[in-house]
Amino acid sequence: MKITLNRINDDYLFECKNSIGNSILLDNISQSEGTKAVSPMESLLMAVAGCSGIDMVSIMKKQRQELTNFSAEAEGERVQMDEAKPFKTINVKFFLEGKIDPKKAQKAAELSFEKYCSVSKTLEPNVTVNYEVFVNGEKVGV
């Protein structure tokens with residue numbers, strides 16, 4: 001797996017491309033005026049939610065669950081460490097709608113984070129990733 005990064009203005013705006021030409025824009029959001037993209041740390045939150053979301057949809061399709069809507073929110077808590085501010089904790093909330101067995105939705109999330117999500121596994125053990133699942137507006141699990 002390989003990506004390329006190219007600076008596309010005189011400030012901090014970068015275009016990142018994968019090997020088949022799909023791209024995202026990254027920018028320095030601390031320079032809030034004129035920000036045109038997401039920050040690298042925001043993209044990491046997006047990657048955690050996206051990776052586990054892909055896992056969950058795949059698992060739920062195999063379980064023959066009828067998803068009519070799937071969304072997620074991810075929020076990260078950062079800590080000061082020398083000059084850097086890495087994530088200490090990431091909390092992800094999944095919102096699923098449709099004809100779904102809540103136990104199967106919870107199991108799909110468990111499998112994603114404990115077994116399949118390469119992004120969250122890459123962050124272990126330095127970052128704690130927590131998750132919650134909501135099915136048709138109701139929180140599932142403990």
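Predicted model only: the values in this text are computed from it and were never measured.
Distance check, rounded to the nearest 0.5 Å: CG of Leu26 to NZ of Lys36 gives 14.5 Å. Remark: Leu44 CG to Thr122 OG1 distance equals 9.5 Å, nearest 0.5 Å. Taken from CE in Met56 to CD in Glu110, the straight-line distance is 10.0 Å, to the nearest 0.5 Å. The distance from atom CE of Met81 to atom NZ of Lys88, rounded to the nearest 0.5 Å, is 10.0 Å. Distance NZ/Lys93 to CG/Asn130: 11.5 Å, rounded to 0.5 Å.
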Mind running side chain to side chain donor-acceptor pair (under 3.5 Å) on Glu97 and Thr68 for me, showing each step along the way? CA-CA 6 Å; Glu97 294 178 12; Thr68 57; 4.7 Å; no
Run Leu96 and Asn69 through side chain to side chain contact (heavy atoms under 4.5 Å, CB included) and show every step you take. CA-CA 6 Å; Leu96 292 70; Asn69 195 19; over 6 Å; no
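Although no hydrogens or angles enter the test, the distance criterion places no donor-acceptor pair under 3.5 Å between the side chain of Asn22 and the main chain of Lys17. Judged by distance alone, with hydrogens and angles left aside, the side-chain atoms of Asn28 form a donor-acceptor pair with the main-chain N or O of Ser30 at under 3.5 Å. For the pair Ser112 (side chain) and Ala109 (backbone), a donor-acceptor distance under 3.5 Å is absent. Not one N or O on the side chain of Gln65 forms a donor-acceptor pair closer than 3.5 Å with the backbone of Lys104. In this structure, the side chain of Arg7 does not engage the main chain of Phe14 through any donor-acceptor pair within 3.5 Å. No donor-acceptor pair under 3.5 Å is formed between the side chain of Ser58 and the backbone N or O of Ile54. Judged by distance alone, with hydrogens and angles left aside, the side-chain atoms of Asp27 form no donor-acceptor pair with the main-chain N or O of Ser39 at under 3.5 Å. A donor-acceptor distance shorter than 3.5 angstrom exists from the side chain of Asp55 to the backbone of Cys117, with no hydrogens or angles considered.
Between Tyr12 and Thr35, the closest side-chain pair of non-hydrogen atoms is not below 4.5 Å. Under the 4.5 Å side-chain criterion, counting only non-hydrogen atoms from C-beta, Ile100 is in contact with Leu67. Within the 4.5 Å cutoff, no side-chain heavy atoms of Phe87 are placed close to those of Val79. Asn126 places none of its side-chain heavy atoms less than 4.5 Å from the side chain of Pro86. Residues Phe134 and Val140 fail the side-chain proximity criterion, which asks for heavy atoms closer than 4.5 Å. Under the 4.5 Å side-chain criterion, counting only non-hydrogen atoms from C-beta, Glu42 is in contact with Ile29. With contacts defined as side-chain heavy-atom distances shorter than 4.5 Å, the pair Phe94/Glu132 does not qualify. Under the 4.5 Å side-chain criterion, counting only non-hydrogen atoms from C-beta, Ile90 is in contact with Leu123.
Across all their heavy atoms, Pro40 and Ser43 have their closest contact at O-OG, 2.6 Å. Shortest non-hydrogen contact noted between Asn18 and Ile3 is CA-CG2, 4.3 Å. Scanning all heavy atoms of the two residues, the minimum distance from Ser120 to Val129 falls at CB-CG2, 4.2 Å. The two residues Glu15 and Ser23 make their nearest non-hydrogen contact at OE2-OG, 3.2 Å. When every heavy atom of Ala105 is checked against every heavy atom of Val135, the shortest pair comes out as CB-CG2, 3.7 Å. Nearest heavy-atom pair, Lys115 versus Lys121, reported as atom, atom and distance to 0.1 Å: N-CE, 4.1 Å.
The same ILVMFWY cluster, assembled from side-chain heavy atoms under 4.5 Å apart, contains both Val119 and Met41. Note: the hydrophobic cluster containing Val92 also contains Val57 (ILVMFWY, side chain heavy atoms under 4.5 Å, direct or indirect links). At a threshold of 4.5 Å between side-chain heavy atoms, the hydrophobic network of Ile, Leu, Val, Met, Phe, Trp and Tyr places Tyr116 and Val127 in two separate groups.
Open room surrounds CD on Glu75; 12 or fewer heavy atoms of other groups in view lie less than 6.0 Å from it. Other residues, nucleotides and ligands contribute only 12 or fewer heavy atoms inside 6.0 Å of the NZ atom of Lys61. Annotation: Glu138, atom CD; neighbour count of heavy atoms from other residues, nucleotides and ligands within 6.0 Å does not exceed 12.
Less than 6.0 angstrom separates the ring centroid of Phe113 from the ring centroid of Tyr131.
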